Structures are given as C-alpha cells and as structure tokens.
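Structure first, then comments.
Note that the structure is a prediction, hence the values are computed from the model and not measured.
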Amino acid sequence: MGKKSQNKPQAKNVAPNQTKPNQGSATTKKNCNKLSPQKRNEVNQLVDKLLKVSTAVHSTTSSSAKDWETHLEIEKILNKINVIESELKLPLPNRTESSQEALLTWLENNSAEVNGVGIQEFHGQGQGLVALRDVSVGEMMVAVPRRLMITVETIQSSKLGYLLANETMLKHMPNVALALFLLLERFCKDTPSFWAPYIEMLPSTYTTVLYFSAQDLQELKGSPTLESALKQCRNIARQYAYFHKLFENMGDPASEILRDVFTYEQYRWAVSTVMTRQNFIPSADGSCMVNALIPLWDMANHSNGKISTDYSLGTDRSECLAWRDFNAGEQVFIFYGARSNADLLVHNGFVYPDNLHDSFRVRLGVAKSDPLATERGRVLARLALPTAADFVLLRGPQPVEGQLLAFLRIFSMQQEHLEHWAESDKVSDLTYTDCSLDTQVETKAWTFLMARIKLLQSLYPTTLQDDLKIVTEDMSECRKLAIQLRIAEKSILQSALEYIQLRDKP
C-alpha cells in the first residue's frame, strides 16, 4: 500500500457528508478569478451563438461536407470562448507522488482491498496498474465498496440533487450528471470533497475526440468514424452551452457554485473523465443498473482477455480478479469488453491495434424507390432486420457476419426468391455462409459487397501502405491515434476483400 501520507483521512469509514476538512483537494483551496461583466457578457453572447449552431444540425440527411462546415464554425466559437475563460485560471487535477499515496491511503481507510497491485506510469499509456508481486489467475486484486464510488444515487443527496430531479437532460443522461458532479466536488468550497483523493489522481487531459483539433480530425477523412467524432464534439458543445445558460439563470445550490467556474475546458475534462472511466453496477435496491465511477479500478488499462470484474451483492462491492497470471513488474490489464477501435477512440481516447474484436461499420439500406422494397422488407422483418442499418465487417478469418450476409442476399433477390423466403421456415439459414441459395443471387450478393468495399477504400485519401509509413513519423498523440484507426479500418477492408476474392476461386 505504500507509506501513509500525512494528509490521510483521520477516521475510517467516514461518510461522504462527514468529510474531514483536510481531505479537500488542492483545487478547492485556490481562489478562482472572476470575469468582468464585460467579459461575461461576451461569453454569454458567444454561448448563445454556439447553442444555435450546435442545435441546428439534426437532419439525418445532412451531408458530411455540411457536418464538417458546422464543426469548423463550432470550433471557431469555442476558441473565442476558451480565450476569455482562460482568464479564470481554473486548475485541473495534478497527479503527484503524494496524491498517489493519498489515494491508496484513502482506499485503505475506507475498507477497499488492494492486493498485489500498485500504480505506475507506462510509456504511451499513461498511468495504470502494476503487479507488485506475482499475481495468479483468479486472485482478487481490487475490491471497492459502493460507498467509495460515485453514482447517480450519490448525486441525489448532493447539491446537484435539485437539478437532477428537475432537469430532463440530467434525468435521462446519468453520464452528464456524473460529469457535473465531478466539477461540483472540485469547486465546492464550504465542504471539502470526500472524493478529493480520487479526483486529484484523475488525468488532467485526455485524448478523446473532444481534444482533437480540426487538423487531427481531418486525418479521419474517408472513415465512417469521422461522423461519430463530429457528432460527439457537437453534442458536448451543445451541452456546454445549455448548462452555461442554465447556471446563469438558476438559483439552486449547484448553479450558485458552478456559475463562476463552468468553462468549456472544465466541462470537456469532466465529460472525458466519465466517458473513459464509467462502468455499470446494480443500484442499491437491485432494481436496475446505474453508472458508476470506481476509484483505482478505473486506472487499469485494456487488453484482449475476458471480463474478470463483477459486483458482489453480498459484500456490496466491485471485485476485480486477475483474468490471467501476471508477473511482478508487469502491467496488470483488464478487458473492457468486445468493442471496435472506432468506439474505443471516440469514447475512450485510444486505439488498440491488436483488437481481436475490431469491426468496420458499413451502412446499407433498401431504397424507397426499389420496386421490391416491400417484399424485401417482409423477409428482413422475419429476421428482425431493418430495411436500413449499420452492419459490420469483422476482423479475422470470417469477416462477413451473419446479419450483413443475410441483408446482402435479400437485397440481391428477385421477386420469386423473396416470395420463397418470405414463407420458408428456414429463413434463418440466410445468415449462414453455407446456405443453399440460387447461384445468381449468391454471386450478385458477393459482387455487390466487393464493389462496396472498393468504394469504401477509395474514400480514404491515403492507402494502407501510406499510413504504415506515416504513423512512424513524429506527431501529436491525437493525430497518431487517427492514423492508427485508419490502419485498423483499412486492414479490415483489405482482409474482407481478400476473403471474397478467395471465395470466387475454383
């Protein structure tokens, strides 16, 4: 556990509303500047403009060019806002050796278990967990009681409780509520935060797409992930503008505190903290799952593996076991789940090149002008498939998953084939590669997919070979992540193309 710090909590099992004064973070001890009325008015006008621009784009038919144009306008407004808000000189968490000791001491004094693991900096991955001794598969490593976690249930009894109960966005977006609660805990001066040791050990910056410049995002040109990235940036800009106006006009306890410290930089930090670290646990009454921030456990980095963390209802705590043996000095990884690199980049701020669960999103649909649209829809409905959706190509030897294959086949059928499969009790066979199907339909389906893959490849301004060279150059971390994602996506497309070509060989 390391040497105990002098700023440790002075009593075990201190309830969140009984925090000792010396637990306050460095952030809460600093006096924050205030903007002049003129500067505040400038920000308010820019916020009004930002809210208008970020809310205007909702059309599902909006073009990628329009989305990019809107993003540039949003970035321009935010840059002006950031210049003014920087005068507040609001600090972000600052990880130090003493704050690391304070976190471990806080965990120990509040009944958490930390067995055989510690905290260490890892090149290119930031801080993570390290094995302090040999750890065997199945061994308990980190156990965190509910009372140390931050959940929506925590927020209900806080100064944010009024807004949580009355604001629709917070009711339906618990991740946003968690982000605002983090800011409230950092800047509430009258009662030092119970979670100060945890908050002070959070990163001060992230590599989520919210931190990408326009030049960084431009590296995603041709990638379907660019659409998701732009949408994420637009949503957070809109949320910032919405809450900025809300705090200006409300008189509840949370608004009174956040009004003078709620900046885009702080909100971007809080949102990224939640996006990259939140998990789900059972609610206290067991009726549902709730979003939670789990101290220390959320410092573990990701690798291929299997889920080895569960919530024990008997002990009312999250328990993380080793999913494999770890040698002393080795980084201890956990498995975040079967997620694509696109998802990991947009929401977690990293790309995992060896991701066994990676996939590439392919958007397909039956045109309304298709004379057989109704018939195709009837067969698709029997497989619970929509007439338009995002399908995926998978990494690995079988890149075409069942739902995509079924859609392609139905898309390629003539009326007599559609009539047959609309009545067949073996319609699920369409999801299998070895389905007995008319040769003409099968050929048409695979030919269409090959043409679509080649089209998708052509949308990128660079080739896979180009990217493999570019990624070795010295560049910013965000730009490198975008290029790594391009490499991962193009590798899937190339593998799928080779798979189809091999199928055509006698």
Side-chain angles (χ1 to χ4, degrees), residues 57-68 221-228 230-231 340 342 359-394 398-460 489-490 492-506:
V57 184
H58 279 299
S59 173
T60 56
T61 60
S62 62
S63 66
S64 57
K66 178 61 178 176
D67 290 343
W68 180 252
K221 184 178 180 181
S223 166
T225 309
L226 179 58
E227 179 185 1
S228 301
L230 295 180
K231 181 179 179 181
S340 70
S359 61
F360 184 97
R361 177 166 57 88
V362 181
R363 183 165 295 169
L364 297 173
V366 177
K368 294 181 179 180
S369 58
D370 186 340
L372 296 176
T374 301
E375 290 79 358
R376 298 193 202 283
R378 187 177 300 119
V379 182
L380 288 168
R382 293 203 59 201
L383 292 170
L385 293 176
T387 56
D390 287 339
F391 297 92
V392 292
L393 290 167
L394 305 174
Q398 295 292 331
V400 185
E401 56 89 31
Q403 290 188 335
L404 171 58
L405 185 55
F407 185 93
L408 291 168
R409 286 166 167 168
I410 295 169
F411 184 78
S412 303
M413 289 179 183
Q414 298 299 322
Q415 184 162 354
E416 61 270 23
H417 305 120
L418 292 168
E419 290 175 353
H420 166 75
W421 288 102
E423 303 297 331
S424 175
D425 58 0
K426 295 183 178 180
V427 67
S428 61
D429 287 358
L430 291 172
T431 63
Y432 300 113
T433 306
D434 58 356
C435 173
S436 179
L437 199 65
D438 184 281
T439 302
Q440 183 181 3
V441 173
E442 191 77 349
T443 300
K444 186 177 179 181
W446 289 106
T447 300
F448 176 85
L449 180 57
M450 180 182 291
R452 176 55 64 94
I453 290 174
K454 290 181 178 179
L455 174 61
L456 292 170
Q457 289 177 319
S458 71
L459 297 178
Y460 293 94
E489 291 179 340
K490 292 175 185 178
I492 292 175
L493 290 175
Q494 184 61 34
S495 177
L497 193 61
E498 293 170 355
Y499 171 81
I500 299 171
Q501 291 169 340
L502 285 174
R503 285 184 55 87
D504 290 341
K505 291 184 178 181

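The two residues Ala373 and Ala367 come nearest to each other via the heavy atoms CB-O, 3.7 Å. Pairing each heavy atom of Val392 with each of Leu404, the nearest pair is O-CD2, 3.7 Å.
Atom CD of Gln494 is separated from atom CD of Gln457 by 5.5 Å, given to the nearest 0.5 angstrom. One distance of note links CE of Met413 with CG of Leu372; it measures 11.5 Å at 0.5 Å rounding. Interatomic distance, CD of Gln398 versus OG of Ser495, reported as 10.0 Å (0.5 Å rounding). Taken from CG in Leu497 to CG in Leu456, the straight-line distance is 10.5 Å, to the nearest 0.5 Å. Distance check, rounded to the nearest 0.5 Å: CG of Leu449 to CG of Leu393 gives 6.0 Å. Atom OG1 of residue Thr387 and atom CD1 of residue Ile410 lie 11.5 Å apart, to the nearest 0.5 angstrom.
A donor-acceptor distance shorter than 3.5 angstrom exists from the side chain of Arg382 to the backbone of Ala422, with no hydrogens or angles considered. In this structure a side-chain-to-backbone donor-acceptor pair under 3.5 Å is present from Arg361 to Pro224. The backbone N or O of Phe407 sits nowhere less than 3.5 Å from a side-chain atom of Arg376 that would complete a donor-acceptor pair. Side-chain atoms of Gln414 never come within 3.5 Å of backbone atoms of Glu416 as a donor-acceptor pair (strictly under, hydrogens ignored).
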Checklist entry - Which is it for Glu442 and Arg409 under the side chain to side chain contact (heavy atoms under 4.5 Å, CB included) test, yes or no, and what are the steps along the way? => result CA-CA 7 Å; Glu442 191 77 349; Arg409 286 166 167 168; 2.9 Å; yes
Next on the checklist: I'd like to know whether Leu405 forms a side chain to side chain contact (heavy atoms under 4.5 Å, CB included) with Trp446, so could you lay out the CA-CA distance, the side-chain angles of the two residues, the decisive distance to 0.1 Å, and finally the verdict.
Outcome noted: CA-CA 9 Å; Leu405 185 55; Trp446 289 106; 3.6 Å; yes
Item to check | Audit row: Tyr460, Leu493, side chain to side chain contact (heavy atoms under 4.5 Å, CB included) steps and yes/no | outcome: CA-CA 12 Å; Tyr460 293 94; Leu493 290 175; 4.0 Å; yes
Checklist entry - Taking it one step at a time, do Arg452 and Leu408 satisfy side chain to side chain contact (heavy atoms under 4.5 Å, CB included)? => result CA-CA 11 Å; Arg452 176 55 64 94; Leu408 291 168; over 6 Å; no
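Within 6.0 Å of the CD atom in Glu401, the count of heavy atoms belonging to other residues, nucleotides or ligands exceeds 12. Annotation for Lys231: atom NZ does not count as buried by contact number, only 12 or fewer foreign heavy atoms lying within 6.0 Å.
Residues forming a side-chain contact (heavy atoms from CB on, under 4.5 Å) with Ala388 (at least two apart in sequence, or on another chain): none. Listed by chain and number, the residues in a salt bridge (charged side-chain N to carboxylate O under 4.0 Å, His left out) with Arg378 amount to none (sequence neighbours excluded).
Within the structure, every pair that satisfies the side-chain hydrogen bond (donor to acceptor under 3.5 Å, both in side chains) test and touches residues 417-438, not counting sequence neighbours, is listed here: Gln415-Glu419.
Tyr499 places none of its side-chain heavy atoms less than 4.5 Å from the side chain of Ile453.
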